[in-house]
There are 2 protein chains.
Amino acid sequence: MKDVVSSCPIEEAMRVLSGRWPTLLLYYLKDGTKRFSDLRRDNPTVSHRILALELRKLEVAGIVRRTAHAGYPLRVDYDLTAPGLKLVPLIDALGDWWEDTEDDRAGRVSSSAETRLVAAE
Amino acid sequence: MKDVVSSCPIEEAMRVLSGRWPTLLLYYLKDGTKRFSDLRRDNPTVSHRILALELRKLEVAGIVRRTAHAGYPLRVDYDLTAPGLKLVPLIDALGDWWEDTEDDRAGRVSSSAETRLVAAE
DNA sequence: CCGTGGTTACAGAATAGTGCGTAATTTACA
DNA sequence: TGTAAATTACGCACTATTCTGTAACCACGG
């Protein structure tokens, strides 16, 4: 994945939203503030390390806000920023699109999918 | 990327849209029918192998239609299916969101991003 | 010792790129 | 006239790069 300085907003947006976790984290955070360990419990298949990395990526992108409370036992909260909140309905729309078009997309996996053959003229 | 049979439409949608190319291909295909070599020219950094794989993925997902014309020199057309067309405005909305929230996301890369410190109560 | 949030080191898995081969027809050129 | 080369859309094998997981460690109060 080279940089290629895309200048295309779609490509840039996808750079941070791509992958399995970003949208899931958005999904869980839309209900409100969560802590690191909450998010781990929400989806137990993400590794400790990756969760930290993904959260950091979203934080740097300005989608998630990280709030570290001083003192011990160490406590950190995560919630969505204003842009993050604005993103949620778009993600939801994507989910709706997937469901609404399910019949039409006709996940015909075993056959040759959508391919059609046309005789040469 | 394990399977985990998500049952979450967002996760499933992201499984096919994740990565650098799917949205880009959508972008180029929204103008109309394109051939394999056209798409290669549109974004020269994608390798032929990956382009073929990505197109096949979108085809199986029912977003792109592949039309192979019989005879040589082999000719194949790609265009969007109805679900694919419906997806385009959502992708565009994502790009708009990225642009519109640019100031607010404040890409403060060098500093500690959004992190804030709060004194313990 | 435990739990919290996080980082680093190393290993293994997944993904991407490179180059070669293929098919039938047209064109190129000695 | 004969044959070599180009064309198109890939598939395959091999390598390079990148990503992800595991485990260990840190800080500290309880």
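Please read these numbers as outputs of a predicted model, since none were measured by experiment. By convention in this document, chain letters (A, B, ...) are assigned in the order of the sequence lines, proteins followed by strands, and residues within each chain are numbered from 1.
Remark: A:R35, A:F36, A:S37 in residues 23-40 of chain A come within less than 4.0 Å of DNA chain C through at least one heavy atom.
Summarising the geometry of A:E99 relative to B:P9, their closest heavy-atom pair is CG-CB, 3.7 Å, with the distance given to 0.1 Å. The shortest heavy-atom contact between B:R65 and B:T81 is N-CG2, 3.8 Å.
Counting to the nearest Å, the C1' atom of C:dG5 and the CG atom of A:L53 are 13 Å from each other. Regarding B:L51, its CG atom lies at a distance of 14 Å from the C1' atom of D:dG11, rounded to whole Å. Summarising the geometry, the separation between NZ on B:K57 and C1' on D:dG11 is reported as 19 Å, rounded to the nearest angstrom. For the pair B:L55 CG and D:dT8 P, the computed distance is 16 Å after rounding to whole Å. To the nearest angstrom, P of C:dT25 lies 17 Å from NE2 of B:H69. Look at CZ on B:R75: it is 10 Å from C1' on D:dT7, rounded to the nearest Å. In this structure, B:R20 atom CZ and C:dA16 atom C1' are separated by 11 Å, rounded to whole Å.
When the nucleotides C:dT7, C:dA16, D:dT8 are ranked by their closest atom to the side chain of A:R56, C:dT7 comes out on top.
The residue among A:E54 and A:L74 whose nearest nucleotide of DNA chain D lies closer to the 5′ end is A:E54.
A donor-acceptor pair is defined here as one N or O able to donate and one able to accept, closer than 3.5 Å; such a pair exists between the side chain of A:R40 and the backbone of A:V46. B:S18 places a side-chain N or O within 3.5 Å of a backbone atom of A:G19 that can act as its donor or acceptor partner. Side-chain N or O atoms of B:D104 include none that pairs as donor or acceptor with a backbone N or O of B:T101 at under 3.5 Å.
Using cut-offs of 30° and 60° on the angle between ring planes, the pair A:H48 and A:F36 is perpendicular.
With contacts defined as side-chain heavy-atom distances shorter than 4.5 Å, the pair A:L29/A:V88 does not qualify.
A:W98 and B:E12 share a donor-acceptor pair across their side chains, judged by distance under 3.5 Å alone.
Salt bridge absent: A:D100 and B:K86 never bring a charged side-chain N and a carboxylate O closer than 4.0 Å.
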Restricting both atoms to N or O, compile the protein contacts to nucleotides 18-21 of chain C shorter than 3.5 Å, with distance only.
| from | atom 1 | to | atom 2 | distance (Å) |
| --- | --- | --- | --- | --- |
| C:dG19 | O6 | B:H48 | NE2 | 3.0 |

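A close approach under 4.0 Å does not occur between any side-chain nitrogen or oxygen of A:Y78 and OP1 or OP2 of C:dT4.
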